[in-house]
Structures are given as C-alpha cells and as structure tokens.
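This report refers to the structure that appears directly beneath it.
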Amino acid sequence: MFQSMILYNVFLMLCALLINPLFACEILDDFDNTRAPGDIIIGGLIPVHEKILTLKKPESQHCAGYDVRGLVKTIAFIHSIEMINNSTLLPGVKLGYEIYDTCMDPTKALKATLRFMSKFNSTDNCVKVQCNYTDYQPAVKAVIGTATSEVSIAVARLLNIQLMPQISYSASAKILSDKARFPAFLRTIPSDDYQTKAMVNLVQRFQWNWVGTIASDDEYSRSGIDNFITQAESLGICIAFQEVIPFYSHIQITNTRIKEIANIIINRTKVNVIVIFGKSSHVIELFKILGTHNISKVWIASDSWSTNSNITRLKYIQNIGDIVGFTFKSGNLSKFQNYVKKLPINAKNINTFLREYYRLRILCVNVQNDELEMCISNHTHHIDANGYHLDNMERQYQEDDFLVNNIEPGVISNIQWSVIALAHAIRSLLKCNEGICRKSFDFAPWKLLEELKKVNLTDEGTKIQFDPSGDFISGYDIVMWKFVKGKMEFNHIVAEYDIQEDKIRVKNSRFNKLEGMTSNCSKHCQPGQIKLSSENQHTCCYNCANCSSNTFSETTDALQCYPCLADEWAPSGSASCHKKRIVFLDWSNGFSIVLLTFSAFGIILIIVISIIFIRNVNTPVVKSNGGTMSFIMLSSLLLSFLSVGFFIGKPNDVTCKIRQCLFGISFTLAVSGALAKSLKILLAFNFNPANQNHLKNLYNYGLITSFCTGLQVVICTMWLVFNGPKVHKDAKRLQKEILLECNEGSYVAFAVMLGYIASLALICFTFAFKGRKLPENYNEAKFITFSMLIYFISWITFVPVYVTTHGKYLPAVEVVTILSSTYGILCCQFFPKCYIILFKKECNTTTSFLKNLYDYSLKSTNIKTNSQFSLNRSVRCKSIKNNSSQNSLNITPNSPVQSSIITNASRKRCSSW
C-alpha cells in the first residue's frame with residue numbers, strides 16, 4: 001500500500017513536470033479570432049492567413065498573406081452554427097463558437113488549442129494541470145479544424161490529453177487514421193490512402209507507366225506522395241523522378257529548388273504525367289516558370305491545390321497542359337451562396353476576419369477582379385479595421401460576387417457536415433426529445449467523442465457517418481481545368497471516384513481526351529511481342545521482341561510468350577493461335593480421283609472378264625486357266641482394287657485396320673493362285689506318262705492357295721491383336737496443318753506381311769522362270785513371269801519411297817504400288833485368255849488343243865537319237881491318238897494338268913503372241 005502511494009505521487013509529479021511547461025497562459029488578441037457566446041462552445045481552427053511573420057522574441061505572432069478562401073470557410077462555420085441554432089435540433093440549447101486563425105502554422109494553432117483546453121469559466125484562460133481529465137470541463141467541447149495535415153497532427157496530439165473531439169474538414173494524411181496515436185481525431189473526408197488509390201487508378205486507366213512526382217516537404221505531402229509511389233509501383237507503374245520542395249526553408253532556397261525541378265521537367269520529354277502533392281504557393285512558383293516554356297503535360301493535382309483560384313489566374317497557365325484534380329464530394333450549397341451574397345450585419349458578434357477583408361477591399365479598390373485576390377494577399381502588415389464603419393463597407397460590397405467565386409464546394413460542405421455531426425452528437429448526449437434536452441451542458445469532451453462515433457444520419461442525400469478510423473467514405477470528384485474566354489476554370493467535374501468499388505465513373509466525355517496522352521519510358525510491346533529487360537533499373541524501360549513461331553502473347557507488354565496447343569499454330573509475332581487445318585488424302589483431291597479412277601477401271605475389267613469367263617466356262621481356255629479357281633483369283637484381285645478406297649478419305653481406326661489386311665490377304669490369294677498355276681505348268685511339261693497318277697495326286701490347286709492364304713490370315717490376325725494399325729494425328733511435322741494418318745502400329749508385322757507376299761511371289765517367279773524352255777509359242781509361264789516382275793519392280797520401288805515420304809500423299813504411294821502390281825497380274829494372266837476367247841475362237845476347241853499338242857511332241861523329238869526317238873514318238877503318238885479316242889490317259893479339259901498340256905501344245909499354231 002505504501003509503495004502504491006509512492007508510485008502515485010511520482011506519477012503526479014511527472015505529469016506536472018511534463019505538462020506545465022507546455023500550457024503557459026495565452027490571451028490572444030481579438031484580431032486573431034472571432035467568437036459568439038453560447039451554451040456549448042465549438043472551437044474552430046481555420047487558416048485565414050497563409051503565413052506568420054518571422055519572430056525574434058516569443059511574443060504575439062502576426063500573420064500575413066490574407067486568404068479569401070479562409071474567410072469563406074469561417075463564414076461557412078458561422079453559417080452552419082446559425083442554421084443549427086435556428087432549427088429545432090437542439091431545443092433550448094444555443095451553440096456558440098470561437099474561431100482562431102492558424103495562419104497555416106502549427107505553433108499558432110497550438111496557442112489557440114491551449115485556449116480551447118483552458119478550464120471553463122477560468123478568468124486567466126489557463127489550462128489547469130491535472131493527470132486525470134475525466135471530469136475536466138474545458139472552454140470548448142469540440143474543435144473543427146484544422147485545414148492541413150501538418151497542423152492537424154500537432155493539434156491532435158495536444159487534444160489527445162483531454163480526448164477532446166477534433167473534426168477536420170480537409171486534413172487527409174493517412175497517419176491521422178491511426179486511432180492508437182490520434183484517438184480523438186475525426187474528419188469528414190476520406191484518408192489520403194483513398195486519394196492515392198484514385199490517382200493510381202487514373203494513371204492505370206490511361207496506361208501511363210512513366211510518371212514523375214513532386215511533393216512539398218510537409219506531413220500531408222510526404223505521406224500522400226509516398227502512398228502514391230508505393231501503390232503505383234506495386235502495379236508496375238514506374239516513377240521517373242521524385243522531387244521534394246522544402247517547406248520551412250528560406251524562400252530563396254525554396255525558389256532555387258523549384259527552378260531545379262522545372263529544369264528536370266523540361267528535359268524529361270518522355271515524362272508527360274506528373275503528380276503533385278504540395279502547397280499551392282509552391283505550385284504557383286513552379287507553373288510560373290513552366291508556363292513560359294509551353295510544356296504540354298498532364299498534371300494530377302491533389303485536393304490541396306486542385307481548386308486553387310490563385311493558380312488559375314497565372315499568366316500562360318494554359319501552356320502547361322491538362323490539369324486533372326481530385327476534390328472532395330460536395331453537397332447543396334445554394335443556401336450558403338445566398339448567405340454569402342447578403343452577409344447580415346451583426347453588431348453584437350463582429351467578425352474580425354470580415355472586418356479585415358473589407359479593409360483590404362478598400363485598399364485594393366482600383367484593382368481588377370482578376371488581380372484582386374493577389375492584391376489582398378500581398379498586404380503583409382497587421383491592419384486595424386476598428387476605425388472603419390462596417391455598415392458602409394458591407395453596403396458597398398454586399399452585392400459583390402467575389403466571395404461567392406472563392407467558395408470551395410468540397411471544403412465548405414465538409415465544414416457544414418462537421419457542424420451537423422457535432423449537433424447530432426450533442427443532441428444524443430443531452431437526450432433531446434420532444435422539444436426538451438434533459439441533461440445539463442456540464443459534460444466532458446470525451447463523452448461527446450463517444451457519441452460522435454455513433455452518428456449515423458443522412459443530410460440531403462449525403463450519409464454522415466464515421467468509420468472505425470474516424471473517416472468519411474464519401475469518394476472524390478475529378479475536375480479538369482478548362483481555358484474558357486481567356487481564363488482558366490476548374491469547376492468542370494468530368495468523373496468521380498467510388499471508394500467502395502475502387503472505380504472511376506466517367507461523367508463527361510471530355511475526360512476521355514486524356515487517352516491521347518502517352519507517358520511511357522518505352523513504347524508498349526504490342527500483342528505478339530514480349531518485353532526484354534534493358535540495363536535501365538526501371539522495369540518500364542525495356543525493348544520488345546517478337547514471339548517465335550507457334551507461340552503467342554495476347555496482352556500488351558507481356559512478359560512471356562505462351563506456346564500454342566498441339567492442334568494450333570502461330571506465325572512469328574502472333575497475338576493469338578490459329579486452329580491447324582486437318583489434312584488427309586481426301587476424296588476430292590485430284591490425285592485421289594486419278595487413283596480411284598484406275599481402281600474403278602480395274603474393277604470394271606474384272607467384272608467384264610468374269611462375265612466372259614462365265615459365258616465360256618466350259619471352253620478349253622477357261623478350263624486350262626483353272627476353271628473355278630480363275631474366279632477365285634479374279635475375286636482376290638477385285639478385293640485388292642477395293643482396298644484402294646480405304647487408303648483415301650478421312651482415316652479412322654477401322655479403316656486403318658481394314659485397308660492393310662484387306663490388301664494383304666486378297667493379294668496373297670492372287671499370288672497363291674499364280675503360284676499354283678506356275679507349279680501346274682512346271683509339272684505338266686515335266687510330265688512322264690509313267691508318273692501320271694503320282695503327279696495327279698501330288699498337285700491340288702485349292703490346297704495350295706488355301707494354305708498360302710491361311711498363313712497370311714494368321715499374320716494379319718496376330719498384327720491386329722497385338723499392335724494393329726490405328727489413326728494418328730501428327731501435329732508436329734507440319735506448322736499449319738494436322739496430318740491425319742494411319743499409324744501402322746507394329747511396323748515389323750507390316751514388313752512381315754509384305755515380306756510374306758514377296759516370298760510367295762519369288763517362288764512363283766522361280767517356277768515360271770523354270771518354264772523358260774517350254775515350246776516357243778507357249779506363253780503362260782512367260783506371262784506369269786512378267787506379272788511377278790511387275791510386282792517386284794513396284795514393291796522394290798515402294799520401299800525407299802515409302803520410307804522417305806511424309807504427309808498426306810504417303811497412302812497414295814502404297815496405292816500406286818497396289819494398283820500396279822494388281823494390274824500386272826490382271827493384264828498378264830487374264831488378258832491373253834480373253835483375247836483367244838473373243839478373237840481366236842477357232843483355237844478355243846479340243847481338236848485345236850490336241851493338234852497343238854501333237855505338233856509340240858514332234859518338235860521336241862531328239863534327232864540325235866533317231867531310233868529311240870522314232871520308237872518313243874510312235875508309241876507316244878499312238879498312245880495320244882488312242883487316248884484321244886479311248887480317253888485312256890484322261891487328257892481332257894476336265895483334268896487341269898492334261899488341259900494345260902493340250903492348251904500349250906495347241907498354241908504352237910493358234911497363238912499369235
């Protein structure tokens with residue numbers, strides 16, 4: 001307990017030591033303020049002057065540079081208080097006010113703040129030092145102001161001691177939203193964090209990525225420009241330069257720095273967009289220099305100077321380019337404008353700021369309207385207006401619109417909303433209802449602060465409510481300055497920024513004029529190109545390169561090219577991919593038509609030959625050609641021709657499997673037939689009557705063809721089961737096309753299939769070649785030999801061509817080979833028979849066959865062995881004659897071997913080949 005008492009006493013001593021030096025008594029002279037009595041006093045901190053005169057001693061400070069807009073703000077404050085007093089919002093309660101001029105200086109504002117914090121009804125206007133202000137009753141209950149963030153931060157730290165509510169109407173620094181450091185600070189505007197977001201949104205909207213920034217060296221400007229830079233760089237916007245103008249330095253140092261910045265702007269030709277967070281006086285000095293250089297750029301103005309009329313009156317202001325400014329949202333000001341036009345005379349509460357204004361108007365009576373504000377501002381000495389008659393001055397300037405023209409709609413509306421919010425918080429705190437306020441006026445400021453945080457109302461369509469950070473979420477109007485009739489105007493609202501949606505809404509098409517301005521370190525890389533980093537440290541400075549083939553970039557300033565899909569293609573420098581055209585050997589292709597024509601012609605020939613053979617089926621020529629087996633051979637050739645159709649057209653898995661197997665099996669059957677025929681001929685002419693029965697039993701046409709073809713069927717079946725042909729899309733080989741082709745699956749099986757046919761053809765060729773010593777006019781073996789030679793030539797040519805050929809015409813290579821080999825068998829082995837049947841009918845008889853056989857026998861007699869030959873010939877001829885009549889050797893057309901012997905013997909005289 002004793003230790004607690006010691007700690008408490010130490011705490012009181014520290015409080016006294018820390019606070020007592022700060023709160024010295026200060027009685028401000030009447031010139032620095034204007035006031036009106038009331039039950040509840042509201043403090044006001046408004047900069048009516050722009051600066052203070054340099055002091056050498058800590059005495060009363062005098063201000064200079066009269067600001068007419070500051071006067072208008074004090075009038076708005078007073079008007080708002082009077083509107084509340086004249087309403088039924090606070091029945092029986094009158095609001096009073098004390099408005100002090102801050103002169104844009106924190107020290108000056110702090111002296112006024114001490115007056116606000118002094119004890120209520122204190123005669124010495126001093127702040128009572130105590131460590132607990134829970135029940136403390138200061139002179140005012142709340143403060144409205146100040147105008148700038150720099151001054152507001154200083155005042156807010158002082159007001160934190162008593163948690164006296166402070167509502168600013170234009171201090172927008174982001175730091176003031178920190179309730180841990182500024183718990184009693186509120187404002188009727190958004191934080192600069194939103195203003196910088198709006199600026200970045202604007203820059204991004206018009207694709208500017210090379211932006212300069214200028215800021216005054218004060219809390220508001222530094223905070224605002226830092227936020228802008230951070231947000232801009234996060235979106236890829238580069239800052240070309242960051243310049244700072246000294247705020248508290250000597251005027252000569254400041255002007256020298258402004259000249260340096262002007263030279264930077266003049267020489268940076270690629271920087272066409274510049275953001276300025278700064279003091280209006282700094283902007284004026286900068287534009288005075290730049291106006292003479294006819295620099296056309298886009299200037300993005302913060303709320304601190306976006307509607308400053310002093311800048312609009314600068315000479316050559318139209319030469320600097322387009323000024324786009326952000327201003328606070330405003331309400332309906334018609335009542336206030338009428339109030340300003342006819343300011344009432346109030347002898348009890350004389351507005352000292354208005355007195356000074358009238359005095360300055362008299363001093364500048366001969367000055368033109370365009371230079372009137374400059375004249376008023378240039379009077380730097382303290383002016384005593386007490387000696388002038390207010391009535392006369394007011395009557396003289398009552399109908400003057402000069403004050404109306406200096407109304408800043410956003411700021412004036414914010415002042416009005418601040419007073420309205422305070423009035424509703426007081427109403428809630430005093431429990432006002434039905435014309436009575438039930439509580440006394442003796443409440444501590446922190447209680448009013450709690451009610452202020454709860455305010456939620458709508459005034460003429462404007463929602464008045466503070467968020468948890470103590471800010472309004474109202475948005476911004478975007479104005480564009482316009483040169484009209486020889487002077488610059490800034491009241492043209494072209495767009496608005498919605499904070500909640502982070503979106504700019506265009507309200508005037510003039511806003512889109514900014515699209516014509518470019519501000520880029522490098523030209524934008526167009527779609528189809530990518531950015532290549534340069535040696536410059538800024539990412540916005542780069543070179544462009546075209547995307548390579550089959551890659552694309554569809555956005556401006558792309559960082560990489562993306563590959564096209566497998567079924568797409570793109571030329572170099574393409575912004576998109578194109579679908580590849582699917583190609584194959586289609587039916588309408590000229591080459592396909594030719595091949596199909598040959599195939600159809602072959603089918604027609606087979607049909608015609610079949611008809612001829614059917615009509616002459618019992619003739620020796622047909623029987624000698626195999627009889628029924630001829631039709632099987634013709635059918636196999638027909639299937640070979642039909643297989644051509646599966647090589648043409650859009651392939652699929654079914655056609656890919658059918659075409660090779662159909663050709664392989666059908667052509668194997670045809671070659672097997674030729675093999676059986678060549679074997680028959682060989683056996684027939686090596687025939688010995690003593691071995692007749694043995695040869696007859698050995699030779700079987702059907703068994704030979706079935707066995708040979710059956711092996712091919714097994715090969716094709718194994719191929720299809722394990723790795724058969726299937727459709728394949730080749731998207732890599734061709735740039736603009738997808739080749740739809742058949743992949744043969746197992747190329748080993750494909751080779752085995754073709755190799756088996758080749759082996760059969762080689763055997764057939766060997767048998768036919770052995771018949772080269774047959775009778776001179778016997779052509780059957782010769783034609784088989786020719787057909788096999790055509791086959792070998794075709795397929796030997798096919799292999800290298802097939803291996804080296806790619807594309808849609810690859811199937812045509814095989815089709816040509818199939819047609820040539822098929823036509824070779826058809827023409828060589830069936831055309832001669834048809835010729836005899838149609839044009840040598842006399843040779844197509846049994847008698848003719850026997851006669852030719854007899855002639856062959858005579859010619860083949862060996863002369864050197866006459867005795868033996870005579871005997872053999874006598875026996876053989878006798879035997880033949882007897883067998884022809886008695887049919888003892890059974891050499892008839894019904895016997896394949898004997899029919900062949902008769903046919904070949906008869907050709908000696910009848911054949912003309």
Side-chain angles (χ1 to χ4, degrees), residues 566-567 582-589 591-592 595-596 598-600 602-603 606 632 635-672 705-733 737-761 791 794-795 798-799 801-803 805-822 825:
D567 60 345
I582 297 178
V583 295
F584 49 85
L585 190 62
D586 61 279
W587 299 94
S588 60
N589 186 282
F591 198 21
S592 300
L595 296 177
L596 289 171
F598 275 103
S599 177
I603 293 172
I606 289 174
I632 295 176
S635 298
S636 68
L637 295 177
L638 176 66
L639 292 176
S640 292
F641 281 123
L642 287 175
S643 69
V644 170
F646 292 96
F647 286 87
I648 298 172
K650 187 176 182 179
N652 54 59
D653 289 341
V654 175
T655 57
C656 288
K657 288 179 171 62
I658 290 176
R659 67 180 192 176
Q660 294 293 4
C661 293
L662 179 61
F663 164 71
I665 295 172
S666 63
F667 198 76
T668 299
L669 181 60
V671 174
S672 299
T705 54
S706 298
F707 176 78
C708 294
T709 306
L711 285 179
Q712 186 68 287
V713 171
V714 172
I715 293 172
C716 291
T717 302
M718 299 289 287
W719 184 13
L720 294 177
V721 170
F722 293 102
N723 191 9
K726 52 186 173 295
V727 71
H728 170 67
K729 290 183 179 181
D730 188 354
K732 297 181 179 179
R733 193 180 301 276
E737 299 171 337
I738 296 177
L739 178 62
L740 199 62
E741 60 181 355
C742 286
N743 185 314
E744 303 303 346
S746 174
Y747 281 91
V748 174
F750 182 43
V752 170
M753 182 199 77
L754 296 180
Y756 178 70
I757 297 174
S759 63
L760 292 179
Y791 166 81
S794 299
W795 287 95
F798 162 78
V799 173
V801 175
Y802 185 84
V803 172
T805 302
H806 302 285
K808 68 178 182 179
Y809 289 105
L810 181 61
V813 174
E814 189 171 355
V815 169
V816 170
T817 308
I818 292 172
L819 289 176
S820 62
S821 55
T822 306
I825 294 176

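Note that the numbering runs from 1 along the sequence shown for the chain.
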Do any N or O atoms from the side chain of [X] and from the backbone of [Y] form a donor-acceptor pair under 3.5 angstrom?
X	Y	result
Ser643	Ser640	yes
Thr822	Leu819	no
Ser592	Ser588	no
Asp653	Val727	yes
Thr655	Pro651	no

Between [X] and [Y], is any pair of side-chain heavy atoms under 4.5 Å apart?
X	Y	result
Phe584	Glu737	no
Ser672	Leu760	yes
Trp795	Ile757	no
Asn743	Asp730	no
Asn589	Lys808	yes
Tyr809	Val813	no
Thr705	Ile632	no

Item to check | Tyr802 and Phe798 aromatic ring geometry - parallel, tilted or perpendicular at 30°/60° bounds | outcome: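 Geometry flag for Tyr802 against Phe798: tilted rings.
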
For residues 745-756, please give each side-chain donor-acceptor pair under 3.5 Å, one per line with the distance, not counting sequence neighbours.
from: Ser746; atom 1: OG; to: Ala749; atom 2: N; distance (Å): 3.2
from: Tyr756; atom 1: OH; to: Cys708; atom 2: O; distance (Å): 2.5

Next on the checklist: I'd like to know whether Phe591 forms a side chain to side chain contact (heavy atoms under 4.5 Å, CB included) with Val815, so could you lay out the CA-CA distance, the side-chain angles of the two residues, the decisive distance to 0.1 Å, and finally the verdict.
Outcome noted: CA-CA 11 Å; Phe591 198 21; Val815 169; over 6 Å; no

Next on the checklist: Tell me every residue that passes ring pair (Phe, Tyr, Trp, His ring centres under 6.0 Å) with Phe667, counting only those two or more places apart in sequence or in another chain.
Outcome noted: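 Listed in chain order: Phe663, Tyr791.
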
What's the separation between atom [atom1] in [X] and atom [atom2] in [Y], rounded to the nearest 0.5 Å?
X	Y	atom1	atom2	answer
Phe722	Thr717	CZ	OG1	10.5 Å
Ile606	Leu638	CD1	CG	5.0 Å
Ile658	Asn652	CD1	CG	8.0 Å
Leu662	Lys657	CG	NZ	15.0 Å
Leu669	Ser706	CG	OG	8.0 Å
Ile582	Leu740	CD1	CG	6.0 Å

So which atom in [X] and which in [Y] form the shortest heavy-atom distance, rounded to 0.1 Å?
X	Y	answer
Ser820	Ser794	OG-OG, 2.7 Å
Cys742	Arg659	CB-NH2, 3.1 Å
Val671	Ile825	CG2-CD1, 4.3 Å
Trp587	Ile648	CZ2-O, 3.4 Å
Ala812	Leu595	CB-CD1, 3.8 Å

Item to check | For Cys661, disulfide (SG to SG under 2.5 Å) partners two or more places apart | outcome: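 For Cys661 there are no disulfide (SG to SG under 2.5 Å) partners, ignoring immediate neighbours.
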
